[in-house]
Amino acid sequence: VSEVDDLKKKLAMSSRMLFNAELVDYSGHISVRMPGSQQFLILPHPVSRATVTADDMVVADFEGNLVQGKYRAPSEVYMHARAYKARDDVQSVAHLHNHMVAVLTMVDKPFIPASSNPGAFFGSGPMPVYMDPALIHTVEQGDAVALTLGKGDAVMLRGHGSMVVGQSIEWVFAACVDLEEAASRFYKASLLGQVRVYSEDETQRVIRARRKDSVVQKIWDHNVAKTKLAGLMEGIG
Ligand SMILES: [Zn+2]
């Protein structure tokens with residue numbers, strides 16, 4: 001099995017896992033950089049995120065053009081394209097229509113993930129919000145999202161969802177799970193009172209235990225098992 005075939009399979013798995021975790025619906029997508037190139041593999045526009053196969057993946061370039069594939073790329077392909085262009089360290093990108101994160105973008109209250117352990121994955125301080133609610137359909141909009149992301153792991157998109165980046169498909173998947181859990185806890189805690197935000201020292205101590213390959217792999221393996229139990233891992237390709 002070639003490295004590219006392996007990445008296509010992992011993309012299909014992660015898509016079904018994101019669907020099973022209710023982090024994408026009929027839309028939302030994950031992509032991965034093609035090793036040593038100015039191109040990336042991404043889910044196609046029309047295929048269900050719950051049934052997509054390795055063979056369905058398409059190739060796009062950093063200008064958002066379709067390079068190869070039997071389907072067209074998602075209309076928001078520019079979000080991925082320009083994140084890779086802006087950040088050499090980014091190997092994988094996910095765009096989620098994640099419910100709790102989207103809810104938190106609808107109020108004028110900063111979301112500080114480092115008030116729960118999953119949220120500390122993202123470090124201290126409020127999560128950046130890209131304020132334009134329009135869908136990301138151009139290179140310029142993609143650049144603007146990448147600018148708001150900065151050097152971080154995630155950016156919230158007002159009234160829409162989020163974009164999560166990382167060093168591998170597994171890392172991005174784990175970050176997607178942690179982000180939604182942190183948002184959900186933050187929302188509930190906010191209803192009860194003032195949220196106790198972690199200090200810088202507390203954040204760093206939690207982060208050291210959380211941002212590890214072993215934790216990322218555990219989150220990945222658990223969701224592989226969960227998605228298999230849901231009957232959604234057949235015929236990946
Ligand atoms: Zn979207």
Side-chain angles (χ1 to χ4, degrees), residues 1-37 39-61 64-77 79-81 83-84 90-99 118 121 153-154 161-181 212-237:
V1 182
S2 76
E3 191 177 2
V4 169
D5 286 344
D6 194 47
L7 290 173
K8 284 181 177 177
K9 186 177 171 184
K10 236 177 237 179
L11 272 190
M13 288 172 72
S14 59
S15 172
R16 296 179 187 206
M17 288 151 66
L18 288 171
F19 171 81
N20 192 49
E22 297 185 346
L23 297 176
V24 300
D25 44 32
Y26 51 87
S27 253
H29 17 81
I30 184 162
S31 67
V32 66
R33 188 189 286 267
M34 304 256 283
S37 81
Q39 299 175 347
F40 57 99
L41 292 159
I42 187 165
L43 263 66
H45 173 83
V47 181
S48 168
R49 279 70 183 117
T51 59
V52 70
T53 67
D55 195 41
D56 293 333
M57 299 305 159
V58 303
V59 180
D61 67 19
N65 302 309
L66 183 73
V67 175
Q68 191 191 316
K70 56 185 176 184
Y71 299 110
R72 70 184 180 91
S75 48
E76 291 189 286
V77 65
M79 212 188 291
H80 300 253
Y84 291 118
V90 167
Q91 300 301 322
S92 181
V93 177
H95 166 46
L96 308 175
H97 291 166
N98 36 356
H99 185 76
F121 181 94
D153 303 291
S162 63
M163 179 176 79
V164 179
V165 303
Q167 64 198 57
S168 69
I169 296 172
E170 290 90 335
W171 272 74
V172 166
F173 179 82
C176 290
V177 170
D178 269 8
L179 181 60
E180 184 69 358
E181 179 62 24
K212 299 200 295 200
D213 284 333
S214 57
V215 174
V216 165
Q217 194 63 44
K218 193 175 179 188
I219 294 172
W220 176 268
D221 289 344
H222 173 67
N223 279 275
V224 168
K226 219 171 128 179
T227 308
K228 273 185 186 160
L229 280 174
L232 289 171
M233 279 298 202
E234 298 295 316
I236 290 274

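We're numbering straight along the sequence, starting at 1.
- R16 contributes no side-chain N or O that, together with a main-chain N or O of T227, makes up a donor-acceptor pair within less than 3.5 Å.
- Residues W220 and K10 meet the side-chain proximity criterion, which asks for heavy atoms closer than 4.5 Å.
- Side chain of R72 to backbone of L66: no donor-acceptor contact under 3.5 angstrom is found.
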Walk me through whether I30 and L43 qualify under side chain to side chain contact (heavy atoms under 4.5 Å, CB included). CA-CA 6 Å; I30 184 162; L43 263 66; 3.9 Å; yes
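- Environment of CD in E22: sparse, with no more than 12 heavy atoms of neighbouring residues, nucleotides or ligands closer than 6.0 Å.
- With values rounded to the nearest 0.5 angstrom, R49 atom CZ is found 15.5 Å from N20 atom CG.
- Taking the charged nitrogens against the carboxylate oxygens, D56 and K70 do have a contact shorter than 4.0 Å, which makes a salt bridge.
- Atom CG of L96 and atom SG of C176 lie 4.0 Å apart (nearest 0.5 Å).
- Contact of the Q39 side chain with the Q68 side chain is not registered, since no non-hydrogen atoms from C-beta on lie closer than 4.5 Å.
- Between F40 and D61 the shortest heavy-atom distance is CE2-O, 3.3 Å.
- When each of L41, T53, D6 is tested with L11 by the rule side chain to side chain contact (heavy atoms under 4.5 Å, CB included), just one qualifies, namely L41.
- Residues H99 and E180 form a side-chain contact, since some pair of their non-hydrogen atoms from C-beta on lies under 4.5 Å apart.
- When side chains are defined from C-beta on, I42 counts as touching V58, because their heavy atoms get closer than 4.5 Å.
- With L7 as reference, P35 is the one residue of P35, S2, S31 to meet the side chain to side chain contact (heavy atoms under 4.5 Å, CB included) rule.
- Taken to the nearest 0.5 Å, the OG atom of S15 stands 6.0 Å off from the CE atom of M57.
- Atom CE of residue M13 and atom CD1 of residue I169 lie 9.5 Å apart, to the nearest 0.5 angstrom.
- Minimum heavy-atom separation, V172 to S92: CG2-O, 3.3 Å.
- Proximity of V177 to F121: side-chain heavy atoms (C-beta onward) are nowhere separated by under 4.5 Å.
- Nearest heavy atom pair, residue P44 against residue Y71, reads CB-CB, 3.5 Å.
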Evaluate the criterion ring-ring contact (aromatic ring centres under 6.0 Å, His included) for residue pair H95 and H97; output intermediate values, then yes/no. CA-CA 7 Å; H95 166 46; H97 291 166; 4.8 Å; yes
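- Within the 4.5 Å cutoff, side-chain heavy atoms of H29 are placed close to those of E76.
- Taking CE from M34 and NZ from K8, the interatomic distance works out to 7.5 Å, rounded to the nearest 0.5 Å.
- Rounding to the nearest 0.5 Å places CG of L23 at 10.5 Å from CE of M17.
- Using a 4.5 Å heavy-atom threshold, the side chains of F173 and V164 count as separate.
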